[in-house]
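Here is the structure we will look at, set down as structure tokens.
Nothing here was measured: the structure is a model prediction, and the numbers come from that model. Excluded from the calculations below are hydrogen atoms, water molecules and symmetry mates; all remaining heavy atoms, backbone and side chain alike, are included. Quick note on labels: first sequence line is chain A, next is B, and so on, each numbered from 1.
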Amino acid sequence: MSLSTKYNPAETEDKWYKYWMDQGFFHSEPSSDKEAFSIVIPPPNVTGVLHMGHMLNNTIQDVLIRKARMEGKNACWVPGTDHASIATEARVVAMLREKGIKKSSLTRDEFLKYAWEWKEKYGGIILEQLKKLGASCDWERTHFTMDPDYYKAVIKVFVDLYNKGYIYRGLRMINWDCEAKTALSNEEVLYKEEGERSVLYSVRYKIKEKEEWVTIATQRPETIMGDVAIAVNPTDERYKHLVGKKVLVPFINREIPVIADDYVDKTFGTGCLKVTPAHDVNDYEIGVRHNLPVIDTINEDGTLNEKCELPKFFGKDRFAVRKEIVKDLREAGHLVKEEDFTTRIGRSERTNSVVEPKLSLQWFVKMKEISVRAKDSVERDEIKLHPAKFKNTYRHWMENVRDWCISRQLWWGHRIPAWYDEAGNVVVAETEAEALKQYKIQHPGSGIQKLKQDVDVLDTWASSWLWPIEVFKGFNEKYFKDGRIDRSQNADLKYFYPTDVLVTAPEILFFWVARMIIAGYEYMDEKPFNDVYLTGVVRDKLGRKMSKSLGNSPDALELIGKYGADGVRTGMLFSSAAGNDLLFDEKLCEQGRNFANKIWNAFRLVKGWEVAKQPQPEENKVAIEWFESKLNQSIGELEDHFTKFRISDALHTLYKLVWDDFCSWYLEIIKPEFGKPIDDATYQKTISFFEAILKLLHPFMPFLTEELWHELIDRKKEDCLIIAEWLKPKAFNEKLIAHCETGFEVVTQIRNARNSKGLSPKESLSLSVNGVSKEVDQFASVIKKLANLKSIEAVSEKPTNATSFLIGTREFYIPLEGKVDAAKEKEDLRKELDYNKGFLASVMKKLSNEKFVSGAKPEVVEIERKKKADAESKIKSLEERLTALG
RNA sequence: GGGUAUUUAGCUCAGCUGGUUUAGAGCACUACCUUGACAGGGUAGGGGUCACAGGUUCGAAUCCUGUAAUACCCACCA
């Protein structure tokens, strides 16, 4: 057969993916005879496209799921997508804007119709891209967080938490766009990096009780009519005497107290802060701490209202008022100082107007009580984080957990199931009819027939935190009763929950992972997963985060086209220890592709041999015995890496096994002379080694390995590698491996000698050893073949006219009549001598230290003594050889 | 500002409970080789006072303290 010298991924990838799908290898149903192994995918944004982060993340999941499948487990990887309210809504809004349609000109229903159209059009793209990567997801179980059932589940949970008393309404500062008259999410507020120029005004307020003034600094003098206190730092000696006194607000002369609060920075401005809870987030929090009233002086459109008490400002824009009031303050002698100042001002992404902090009623989840078990389970390692360093981060967050604001001022998402009457009385219920029913019970005789539903939607995480439960339909009314899920009737949940591993990015440890754990304990009475593998962030090679605006994110599908899915997968895993950022460089993919090609060519070599019934050469027997041991040693290492989720290390182990041990040593030993056949016994063994390697590599490189699995020997097509049996580590001969390594070292030294003497590998040499060496004896045939030797003989006399090397304490000589450069030889020997003398000195330093000899463990001292003896004997031998050279 | 990490070869990183030759790998680099699997290859080689300063110890890349840089998360300056 004639095979290309290069592996061509394009020919195999689609073919095998389709075949695996057709055979239903990815699908799994609960079964009684198999152990379950399940993973739920971190659902990517429904309208997203595959980026490098997804590639890394999903490759790791696929490696884990494929290995489990081969281990005979019932492997279930549930895929799906997230509605991602903010991101998706922003994209739909942008799309409409391009068409010249403003969101504000649409009704909610009209907007949602566009959004759903958008979702239908782009929603499946990312999942199709995952298939190109080789992801072996159970596609029959694909979910979307706004599927009808999922939607219902989210609503049910809201109602349930409300009824349990975990959900409440509270005031919160939101970002308000006065021009668009709409709330903005944090993501829609932009800050100029260099800040904006502004003026810091120092304004004095009169103390009521005496003829003394207190001066505060503010950027927003137009808000002073909303002041409810003056705050100073409790440790500030300058103002201690004023705490508890009353101060008069300029112009309106309202009395406000002077209070002490740690928040105040003594060194900023005058050290006095005016407290305006309605118009500043921090002031609001101070207000809460000190039980201060809230005076909201600004309307939705940014004009001042009657609460500011000064009729000349009613209905005037806040910036116009600022100008006027500065003038008034100056004239009245209140303005002490004006200075230029650079500050961060938030502007609306939509209108570029200055964002106004505005208090509004939002929905919150009380976190303290509901998160206790989630905190403890990670603390006690019931859920293990990999790498474990994230435990600290997790603990810190859970101990300082804040209540979770779950309402968002958007339309795309799960609409909050709260219903209001005209007076603002609220009922929470799954449906309007149910809400009305409850309302009538709570307000008998009101006669009201129509309630208005809350306009906001829920935070995206308030739906995705149910993901590991709801992908198995846990919140269906059949199982979800009285605030708990009874899984005894739900076969999927009973079998697949808790899932085995969650693979995700550390930046969403709190947003998502922690909350899934909370939901798991609250609704399933059990953790949602056993292990959490936190990947790193994929960055470019300069260490910058990959982003669209920087344009430094390579096109994932292009990469797959260029290097093959297997090449990209292994390339990414080569340098991605858990929790470490991955500095992505296309070179990694190149390395992955080269690896695939190396395996392909090893296959070409083996496949090209003619096989004959003939005696098995001695070196082949040795090679087989050695590789068998090496293989089993590697399987053991591999297993160890997997149990510790060191996926990158696992790949390195295989890379070495294949490239160095199998290709560079094993195949080179058994390779028959050109044109000659290989003996049957060796060939059969080689095929079985190759099969073992393909199995071990399959989770990492599914396409190439499946292809070769079928090419290597004739087998039925349905007899696929993807479902072949995984290898268990077996005992191996450690001594043999060590001895063989010594043999390889002899080969290396001979090659080295050839290199430095300029001898062709084709020129046959002789080797002399002083004394008998078991290792050399055992591997004589191997050494002869690999180093191209005529003979190996034991001698007692040191040969002259020879170059020499030392392995352990044994001397080797290669007689080279007339080719020895004595000066060069001496120089080399001297270098080695220096090294060994230095080494001996370092050992002696330890051994001559009495405290070491008496203090260290006996084994350690023994090792040092052995080192000393070895070094001494080496030095002796080197010196002798130097003398011999004259 | 609070928290959590990181700092080892030109680059990316291993080095797990302190001792296992005077610190390893991959990539990059250098020299040589190459018509019989693979130049996307082979053989060999050079390259590091383990960020800095102290301390603990018979012994520190490894443990402790401090300093300096960097990254991420949280909170954000009137």
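B:U7 and B:G48 have their C1' atoms separated by 14 Å, with the value rounded to a whole Å. Between B:U57 and B:G18, the two C1' atoms lie 9 Å apart (nearest whole Å). For the C1' atoms, the distance linking B:C58 with B:C13 amounts to 33 Å, nearest Å. Atom name C1', nucleotides B:U35 and B:G42: the rounded distance is 15 Å, in whole Å. Distance check on atom P: B:U20 versus B:G40 gives 41 Å, rounded to whole Å. Nucleotides B:A25 and B:G45, compared at atom P, are 11 Å apart to the nearest Å. Nucleotides B:G46 and B:U4, compared at atom P, are 44 Å apart to the nearest Å. Annotation: B:C77 and B:G54 have their C1' atoms spaced 37 Å apart (nearest Å).
Side chains of A:Phe852 and A:Lys845 form no contact here, defined as non-hydrogen atoms less than 4.5 Å apart. Within the 4.5 Å cutoff, side-chain heavy atoms of A:Thr223 are placed close to those of A:Lys274. A:Asp566 places none of its side-chain heavy atoms less than 4.5 Å from the side chain of A:Phe595.
Here A:Glu668 lies in heavy-atom contact (under 4.0 Å) with a base. Residue contacts shown for A:Ser756 are absent, as no nucleic acid heavy atom lies under 4.0 Å away. Heavy atoms of A:Asn752 sit under 4.0 angstrom from primed sugar atoms or phosphate atoms, though from no base atom. Nucleic acid contact for A:Arg593: base, since at least one base atom lies under 4.0 Å from a heavy atom of the residue.
Here the CZ atom belonging to A:Phe690 is positioned 6.0 Å from the CG atom belonging to A:Leu712, to the nearest 0.5 angstrom.
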Starting at the 5' end of nucleotides 20-31 of chain B, put B wherever the base has a protein heavy atom under 4.0 Å, S where only the sugar-phosphate does, and a dash everywhere else. SBB---SS----
Please encode protein proximity along nucleotides 72-78 of chain B as a string of B, S and -, counting only heavy-atom distances under 4.0 Å. SSS-BSB
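A salt bridge links A:Glu356 with A:Arg220: the closest approach of a Lys/Arg side-chain nitrogen to an acidic carboxylate oxygen falls below 4.0 angstrom. A:Lys867 has a carboxylate O that lies under 4.0 Å from a charged side-chain N of A:Glu864, or vice versa, which qualifies the two as a salt bridge.
A:Phe689 and A:Tyr666 have their aromatic ring centers within a separation under 6.0 angstrom. For A:Tyr394 and A:Phe390, the ring centers sit 6.0 Å or farther from each other. Taking the six-membered ring wherever Trp is involved, the centroid distance between the rings of A:Phe603 and A:Tyr7 does not fall below 6.0 Å. Between A:His279 and A:Tyr284, the ring center distance fails the sub-6.0 Å criterion.
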What protein N or O atoms touch nucleotides 61-66 of chain B N or O atoms at under 3.5 angstrom, if any, and at what distances?
none

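Atom pair A:Ile678:CD1 and B:A37:P shows a separation of 12 Å (rounding to whole Å applied). Protein atom NZ of A:Lys562 is 13 Å distant from nucleotide atom C1' of B:G40, rounded to whole Å.
Nearest to the side-chain atoms of A:Ser664 among the listed nucleotides B:C38, B:U43, B:A5 stands B:U43.
Between A:Lys598 and B:G42 there is a side-chain N or O to OP1 or OP2 distance below 4.0 Å. OP1 or OP2 of B:G41 sits under 4.0 Å from a side-chain N or O of A:Asn594. For B:A37, the OP1/OP2 oxygens have a side-chain nitrogen or oxygen of A:Lys671 closer than 4.0 Å. Between A:Arg751 and B:G45 there is no side-chain N or O to OP1 or OP2 distance below 4.0 Å.
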